[in-house]
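Have a look at the structure below before the remarks.
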Amino acid sequence: MSVRTRFAPSPTGVLHLGGLRTALYNWLYARRHGGEFLLRIEDTDRQRSSPEHIRALVEALQRFGLDPDEEPLLQSSRVERHREVAHQLLESGFAYHCYCTPDELAAMREEQRARGEVPRYDGRWRDNTGPPPAGVKPVIRFRRPDTEEVVVRDWLHGDVRYLDSQLDDLVLLRADGSPTYHLSCVVDDEDMGVRQVIRGDDHLNNTPRQLQLIQALGWTAPEYCHLPLLLAPDGRKLSKRDEATDALHYLRAGYLPDAVLNYLARLGWSHGDREVFTIEELISRFGRDGLGASASRLDPDKLIWINQQHMKTAAVEVLCESLESQLESIGLNPEDGPPLEEVAEAWRERAETLAGVAEAARWAFSHEIELDEKAARKVLRPVVREPLAAVRAALAALAEWTAADIHACIAETAESLGIGFGKLGQPLRVAVTGGGVSPPIDTTLYLAGRARTLERLDVALGYIDARIAAAESAAQG
RNA sequence: GUCCCCAUCGUCUAGUGGUUAGGACACCGGCCUUUCACGCCGGCAACAGGGGUUCGAAUCCCCUUGGGGACGCCA
């Protein structure tokens with residue numbers, strides 16, 4: 001069985017997470033089986049589609065690395081072919097002209113609803129033999145075949161049966177000659193050679209109609225897989241207005257693309273007890289076997305955890321790329337500080353996202369630091385004045401500014417003063433970073449650089465002196 | 001309303017007639033530790049309800065309930 005999958009979004013907004021997951025599954029399946037993954041932009045709704053949206057969509061997919069194997073196909077470029085097929089259906093008797101006006105149809109549905117019936121086209125123009133009414137542009141409707149039932153064979157749901165009587169004659173070509181979704185979709189999938197249709201559950205009910213169309217055209221139906229929907233953390237439907245629905249939001253927030261993909265892959269698919277996968281591992285393991293049929297909620301905590309796991313093992317260049325933009329986005333200059341690789345290595349195991357790294361590393365890139373009031377009061381006390389002054393002198397005299405030398409220097413100073421390493425570490429940390437949390441103290445000082453370190457130690461010493469003075473005057477007064 | 005889909009810890013899930021119902025996130029303890037993390041160890045916690053089928057059901061069938069989707073000259 002040849003494998004050709006496709007992702008067919010309508011460019012009506014940003015790429016949302018559900019769409020990204022659908023794209024991912026299609027992409028993975030194609031990769032896994034040595035097939036092709038295609039991208040088709042369903043832009044036939046001109047009112048809601050725009051070139052910007054199309055570009056954003058293609059770009060978003062690209063940023064996650066889900067590149068299609070062929071040029072993306074714009075559905076709008078294919079209307080001639082769609083019309084051709086509609087007329088072919090007309091000639092073979094599988095379609096007919098319907099002269100109902102939109103108002104007339106609305107009224108018909110209204111009546112049917114009022115009577116408690118399922119709103120459905122009643123076929124009033126199905127077998128018309130008389131002359132067409134003047135002044136009304138007709139639509140072309142599909143004459144659905146009179147079979148008993150239509151069976152959708154689905155990877156996840158097995159055989160889903162639809163009674164033919166539940167389906168109605170759908171519009172193929174609008175009064176203005178433009179094709180509708182069902183027609184375009186079926187024709188394009190056929191012409192693109194798509195063999196596996198992996199899409200959202202919301203299309204399951206569309207499938208029997210498309211199957212009938214395919215049958216009327218004498219084509220071979222692809223395999224179908226209707227994926228369960230993604231739900232918001234609270235179990236409700238994902239709202240498009242929610243920022244967290246936008247796939248690119250996660251990149252902006254400092255998540256690694258592969259981590260987001262890993263998380264999404266595990267939502268609705270599993271492989272034993274494994275949680276963390278590289279893209280390569282996903283490609284070699286992904287398949288219909290592990291797919292689940294029930295809807296799943298987004299869990300921000302788990303995404304964070306997956307991201308941490310990926311941060312620990314990602315190539316440092318990947319980390320740097322994201323870190324650079326994260327630093328810029330909080331107004332810091334990536335050039336004005338230690339090498340990004342060193343920063344990334346120092347924090348890859350102690351931050352949740354690259355945004356977190358940038359924030360935590362702020363003191364290594366800015367010239368001014370803010371002393372955290374609480375930490376300073378707790379740590380920068382009069383008793384550490386002498387030890388701190390001693391390390392400052394030792395550090396100033398250090399021949400090489402490396403983490404190892406810094407470590408030895410601090411250790412020696414501590415020993416000569418008869419105090420523990422830890423007694424010196426925390427004051428140094430608060431003095432240099434302004435806060436009580438940072439990578440190991442030797443790394444921290446190394447990252448800060450000698451100039452910044454000495455400068456800030458002087459500031460801290462001044463702070464302590466002021467404290468001593470204030471305490472003395474309080475004692476005297 | 002009609003049709004369709006879904007249902008195991010709070011969440012993601014493993015499980016396909018016989019398991020002390022497993023793992024992961026989160027949460028709570030503890031260990032490690034110069035801070036913070038990482039890591040390690042342990043704990044809490046689930047088969048929606050009711051009927052069948054069977055020697056035996058989380059697993060198969062039916063009903064109920066709950067959640068979701070579709071019923072357009074949108075895609």
Side-chain angles (χ1 to χ4, degrees), chain A residues 8-12 42-45 47-49 75 98 100-102 105-106 109 112-121 137-141 152 154 156-157 160-163 166-168 170-176 178-182 184-185 200-208 226 228-229 231 233 235-237 263 266-276 290 292-306 308 312 347-352 360 375 379 407 410-411 414 420-426 428-430 433 435-442 444:
Chain A
S10 48
T12 52
E42 309 222 321
D43 60 342
T44 52
D45 183 354
Q47 303 204 323
R48 292 196 291 165
S49 304
Q75 195 158 58
C98 167
C100 290
T101 63
L105 291 172
R109 290 194 191 97
Q112 290 169 328
R113 279 219 160 81
R115 271 177 285 158
E117 293 170 13
V118 182
R120 204 160 21 200
Y121 177 68
K137 283 213 165 168
V139 299
I140 294 180
R141 274 187 192 273
V152 176
D154 187 276
L156 269 66
H157 304 297
V160 183
R161 291 162 197 285
Y162 292 85
L163 253 25
Q166 288 154 199
L167 277 12
D168 65 354
L170 50 101
V171 172
L172 263 20
L173 234 46
R174 301 187 184 94
D176 66 1
S178 63
T180 63
Y181 164 71
H182 290 287
S184 317
C185 179
D201 244 351
D202 46 343
H203 285 290
L204 184 55
N205 289 316
N206 289 155
T207 308
H226 290 93
L229 269 21
L231 269 26
R236 297 172 57 85
K237 207 176 138 186
Y263 174 69
R266 272 290 286 103
L267 225 46
W269 174 82
S270 61
H271 187 76
D273 284 344
R274 285 214 43 187
E275 300 285 349
V276 182
S294 53
S296 35
R297 302 185 188 198
L298 258 13
D299 182 352
D301 287 331
K302 186 120 180 190
L303 206 211
I304 287 175
W305 180 78
I306 295 271
Q308 280 180 335
K312 277 161 53 176
W347 269 282
R348 71 191 317 164
E349 284 192 6
R350 60 189 84 237
E352 296 178 336
V379 176
H407 187 96
I410 297 172
F421 190 106
K423 281 273 186 287
L424 230 33
Q426 219 35 18
L428 278 169
R429 190 183 323 273
V430 174
T433 71
V437 177
S438 81
I441 195 62
D442 46 3
T444 294

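Scope of the values below: all heavy atoms of this structure, side chains included, with no hydrogens, waters or symmetry mates. Within every chain, numbering begins at 1; the chains are lettered A, B, ... in the order of the sequence lines, protein sequences first and strands thereafter.
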Any donor-acceptor pair under 3.5 Å linking the side-chain atoms of A/T433 with those of A/S438? no

On RNA chain B, does the nearest nucleotide to A/G436 precede the nearest nucleotide to A/G292 from the 5' side, or the other way round? Give the residue. A/G292

Can you tell which of B/C6, B/U35, B/C73 lies closest to the side chain of A/R429? B/U35

Should the side chain of A/R350 and the base of B/C38 be counted as holding a donor-acceptor pair, with the cut-off at 3.5 Å? no

For A/D299 and A/Y263, does a side-chain donor sit closer than 3.5 Å to a side-chain acceptor? no

Given B/U34, B/C73, B/U13, the nucleotide with the shortest approach to the side chain of A/R266: B/U13

Closest to the A/Q426 side chain, choosing from B/U35, B/A75, B/C73: B/U35

Would a 4.5 Å heavy-atom cut-off, applied to side chains only, mark A/T44 and A/Y181 as touching? no

Ignoring hydrogens and geometry beyond distance, is a side-chain donor-acceptor pair present between A/R429 and A/Q426 at under 3.5 Å? yes

What's A/N206 touching, base or sugar-phosphate or nothing? Going by heavy atoms closer than 4.0 Å. base

What's touching nucleotides 1-4 of chain B from the protein side, N or O pairs under 3.5 Å?
| residue | atom | partner | partner atom | Å |
| --- | --- | --- | --- | --- |
| B/G1 | O2' | A/G116 | O | 3.3 |
| B/C3 | O2' | A/Q166 | NE2 | 3.3 |
| B/C4 | O2' | A/Y162 | OH | 3.3 |

Can you tell me if the side-chain N/O atoms of A/R236 get under 4.0 Å from OP1 or OP2 in B/G68? no

OP1, OP2 of B/A75 versus side-chain N and O of A/T44: anything below 4.0 Å? yes

Spacing of OG belonging to A/S49 relative to CD belonging to A/Q75, to within rounding of 0.5 Å: 9.5 Å

Side chain of A/V171, heavy atoms from C-beta onward: which of B/C73, B/U13, B/A75 has the nearest atom to it? B/C73

From B/C12, B/U35, B/A37, nucleotide with atom closest to A/K302 side chain: B/C12

Within the structure, does a side-chain N or O atom of A/H157 lie under 4.0 Å from either OP1 or OP2 of B/C6? yes

Under 4.0 Å from OP1 or OP2 of B/U35: is there any side-chain N or O of A/S438 that close? no

Record whether the side chain of A/E349 comes under 3.5 Å of the base of B/G39 through a donor-acceptor pair of N or O atoms. no

Using a cut-off of strictly less than 4.0 Å, decide whether A/K237 has a side-chain nitrogen or oxygen near OP1 or OP2 of B/G67. no

What's A/H271 touching, base or sugar-phosphate or nothing? Going by heavy atoms closer than 4.0 Å. nothing

By nearest atom, which of the nucleotides B/U34, B/C6, B/C73 is closest to the A/A175 side chain? B/C73

Nucleotide nearest A/I441 when distance is taken to its side chain, options B/A14, B/U34, B/A75: B/U34

Taking the C1' atom in each of B/U59 and B/U8, what is the distance between them to the nearest angstrom? 11 Å

Please tell me which of the listed nucleotides, B/A75, B/C5, B/U13, lies nearest to the side chain of A/S296? B/U13

